[in-house]
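All remarks here apply to the structure that follows.
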Number of protein chains: 2
Amino acid sequence: MKVNVTMKDIAERLDVSSVTVSKALNDKEGVSDELKEKIKTLADEMGYRYNAVAKSMKDGRSYNICVIIPERYTGMSQSFYLKVYQSIAQHLEEYGYYAIIHIMTDDDEDQLKLPRIYHEQRVDGFVLLGQPKTDYINHMKKLGMPLIFLDFYDENSNVDAVITDNFNGAYEITNYLIKQGHRDIAYVGNLFSTSSIQDRFLGYYKSLLEHKIQLNQDYVISDRNERGAFISFDLPEVMPTAFVCNCDQVAHLLMERLRHDGYKVPEDCSVVGFDNDIYATLTTPNLTTVEVDVEEMAKNAVKFICEKMEDPTNSFGRLAVKGKIIYRDSVNEKK
Amino acid sequence: MKVNVTMKDIAERLDVSSVTVSKALNDKEGVSDELKEKIKTLADEMGYRYNAVAKSMKDGRSYNICVIIPERYTGMSQSFYLKVYQSIAQHLEEYGYYAIIHIMTDDDEDQLKLPRIYHEQRVDGFVLLGQPKTDYINHMKKLGMPLIFLDFYDENSNVDAVITDNFNGAYEITNYLIKQGHRDIAYVGNLFSTSSIQDRFLGYYKSLLEHKIQLNQDYVISDRNERGAFISFDLPEVMPTAFVCNCDQVAHLLMERLRHDGYKVPEDCSVVGFDNDIYATLTTPNLTTVEVDVEEMAKNAVKFICEKMEDPTNSFGRLAVKGKIIYRDSVNEKK
DNA sequence: CTGAAAGCGCTTACAG
DNA sequence: CTGAAAGCGCTTACAG
């Protein structure tokens with residue numbers, strides 16, 4: 001058995017041309033059924049493997065999509081990114097594409113260094129998963145390649161984006177707290193860090209507004225610096241009865257802090273999170289939170305990027321995928 | 001500006017041949033320094049990007065290494081896998097290779113289904129990260145492609161492997177417990193699940209032996225079924241004063257269980273883990289554990305696989321990379 | 001239904 | 001130092 005069987009090898013054995021073999025193996029028209037069967041059978045027998053590199057070269061496409069994740073996000077809730085990646089990879093498979101992860105270092109981000117895969121023309125499009133700095137985004141846009149933002153968007157760029165419906169999720173979970181009788185509700189998150197955190201805040205705020213609850217600036221608590229690293233924070237002097245956290249991890253940190261300061265959850269304070277990631281079930285009590293629909297987000301991101309590759313003028317805007325409240329044990333009715 | 005600038009385009013502009021352009025851009029001999037500079041400058045100007053696909057086709061290599069992770073592992077400590085992947089990718093870059101993650105579903109594993117990337121000849125070697133079933137391993141071996149096991153090994157396969165020095169790590173951390181005065185020490189882990197868990201057990205056992213401590217079968221506690229899913233377990237009737245857990249996650253679960261049953265850590269029982277992953281610092285108190293040297297493991301795995309691609313007869317055996325004990329607050333001196 | 005020719009973008013081996 | 005020719009494995013467009 002030859003090391004690498006090619007279509008030509010099959011063609012020679014059957015005394016046909018490699019064009020015919022190509023047509024047969026790709027189920028194209030122009031080969032008799034009989035011959036097609038014979039070719040396919042022999043290909044199997046000879047252990048033929050399709051050479052996708054040759055195909056790539058022919059059509060000038062790599063069939064790779066690069067999923068760029070800024071390194072600082074991978075330190076956070078890693079499960080999320082691997083899950084999203086897996087989902088993207090599975091959906092891309094249906095289109096005949098591959099997903100390749102590129103974890104971008106802070107240095108590369110600062111220096112606007114693009115992944116090697118770009119410089120070697122081995123990629124047809126990018127999915128940005130996790131928000132890089134504006135300069136980097138602008139740099140990527142100039143490439144003129146299909147580009148999708150996933151799990152964030154940028155006000156100043158009209159790049160198509162698939163995001164969690166942060167606004168509505170936070171709105172609904174705040175409504176739920178209010179329905180439980182809470183009126184003194186704090187929000188934990190740096191409003192200037194990412195669009196997600198900001199939108200979740202606005203959803204929280206909308207719920208307050210609708211219930212005629214005044215927004216108390218002491219109840220807006222920053223949890224991280226602008227690079228995304230968590231910072232320690234003080235609890236408000238007058239304590240609220242509930243906290244809406246911008247993510248489960250910070251809810252987890254907050255609950256440790258509350259316990260440390262002698263508050264019981266949910267007896268003294270209720271706490272809700274967002275994401276339903278690993279931290280949601282690591283805390284005691286388990287967190288009531290908003291579950292992100294990873295599957296649906298990945299599916300749409302893939303659809304968008306593939307349609308953009310077909311026709312670069314395709315544009316989709318911003319798609320907000322609805323999440324779902326998961327009710328657990330971190331919320332009490334306010335008596 | 002043309003959409004895709006090729007060497008030929010540069011050649012025409014400079015009235016030289018594309019062979020010369022190729023030599024210049026690759027810093028090969030046979031071009032005058034002056035001409036080489038001119039070519040490089042123009043290439044930059046024209047926005048030339050190297051076409052690695054053409055190169056791949058020419059040398060019949062994809063320059064891709066596929067990192068296969070069985071899906072059931074990704075549910076566990078995801079941070080680890082993403083970290084390992086990143087480290088592999090970075091090291092592969094030095095060799096001009098790319099790393100591509102493939103998360104293998106249980107179904108694919110059962111049906112011995114290889115990743116599409118293999119069938120399309122878009123991969124030159126495999127790194128198996130996390131132990132698949134024996135049948136799958138044997139199937140992969142038959143491919144005759146460069147193959148490395150990472151973070152596990154298989155008794156029956158003589159495939160090169162890079163692993164954490166599980167035996168020594170567990171041996172040393174058990175020694176530490178004994179030095180703190182403990183003699184009734186349990187081990188938590190299913191001995192028949194993976195080679196890591198087994199080796200960690202043996203390291204624990206060696207430490208007992210050296211200190212003339214009888215192994216008590218009631219003190220060997222299974223934590224998961226053979227597919228790797230955690231199961232609930234009973235605490236021994238007569239409690240030990242310390243637990244060696246096969247991983248941080250199970251140490252975390254154990255500590256919750258202990259707390260629930262009214263035991264305090266480390267006052268009543270000491271607990272140590274293994275891995276130093278996210279669970280080590282999520283528990284209160286923080287875990288004393290063994291840190292895995294991800295960087296060193298990835299570096300060696302990459303070295304091995306690349307040398308095997310150069311010469312398939314290269315063989316390295318099993319390399320155990322030493323870990324490091326991280327001392328935290330989950331161990332007390334036994335009075 | 002079948003196939004000869006040309007081409008994708010590069011590199012190698014050779015000739016000058 | 002420079003370049004014409006051939007080839008990597010496939011597919012497309014066309015001719016028969």
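Letters A, B, ... are given to chains in the order of the sequence lines, protein chains preceding strands, and every chain is numbered from 1.
Judged by atom type and distance alone, A:K58 does not reach the base of C:dG9 through any side-chain donor-acceptor pair under 3.5 Å.
Rounded to whole Å, atom C1' of C:dC1 lies 11 Å from atom CD of A:E29. If you measure from atom OH of B:Y63 to atom C1' of D:dC8, you get 12 Å, rounded to the nearest angstrom. Atom pair A:N4:CG and D:dC8:P shows a separation of 12 Å (rounding to whole Å applied). Straight-line distance from the CD atom of A:E12 to the P atom of C:dA4: 12 Å, rounded to whole Å. Whole-Å rounding puts the A:R61 CZ to C:dG7 P distance at 22 Å. Distance, B:K23 NZ to D:dA4 P: 11 Å, rounded to whole Å. Atom-to-atom, CG of A:D9 to P of D:dC10 comes out at 9 Å; the value is rounded to the nearest Å. In this structure, A:N51 atom CG and D:dT11 atom P are separated by 9 Å, rounded to whole Å.
Listed pair A:Y50 / D:dT11 meets the phosphate criterion, a side-chain N or O lying under 4.0 Å from OP1 or OP2. Checking the phosphate oxygens (OP1, OP2) of C:dG9, no side-chain nitrogen or oxygen of B:Y48 falls inside 4.0 Å. Distances shown here put every side-chain N or O of A:S22 at or beyond 4.0 Å from the OP1 or OP2 atom of D:dC10. For C:dG3, neither phosphate oxygen OP1 nor OP2 lies less than 4.0 angstrom from any side-chain nitrogen or oxygen of A:S18. One finds a side-chain N or O of B:T20 lying less than 4.0 angstrom from the OP1 or OP2 phosphate oxygen of D:dG3.
Residue B:M57 is classed as a base contact, given a heavy-atom separation below 4.0 Å to a base. Residue contacts shown for B:V16 are limited to sugar-phosphate atoms, with no base heavy atom under 4.0 Å away. Counting non-hydrogen atoms under 4.0 angstrom, B:D59 reaches nothing in the nucleic acid.
Picking from C:dT2, C:dA13, D:dT12 the nucleotide with the shortest atom distance to the side chain of A:V19 gives D:dT12. Distances were taken from every side-chain heavy atom of A:V31 (C-beta onward) to each of C:dT2, D:dA4, C:dT11; the shortest belongs to C:dT2.
Within a 6.0 Å radius of CZ in B:R13, other residues, nucleotides and ligands contribute 12 heavy atoms or fewer. Within a 6.0 Å radius of NZ in B:K40, more than 12 heavy atoms belonging to other residues, nucleotides or ligands are found. Counting non-hydrogen atoms of other residues, nucleotides and ligands closer than 6.0 Å to NZ of A:K133 gives a total above 12. Residue A:K141 qualifies as enclosed at atom NZ: its count of foreign heavy atoms under 6.0 Å is above 12. By the 6.0 Å contact criterion, NZ on B:K38 is open, its count of non-hydrogen atoms from other residues, nucleotides or ligands being 12 or less.
Mapping B:K28 and B:A54 onto DNA chain C by nearest heavy atom places B:A54 closer to the 5' end of the strand. When the nearest nucleotides of DNA chain D are assigned to A:M7 and B:G30 by heavy-atom distance, the more 5′-ward of the two goes with B:G30.
Across all strands shown, D:dC1 forms a Watson-Crick or G-U wobble pair, both distances under 3.5 Å, with C:dG16.
Each of B:V159, B:L147, B:I305, B:L114 was compared with B:F126 under the side chain to side chain contact (heavy atoms under 4.5 Å, CB included) criterion, and only B:L147 meets it.
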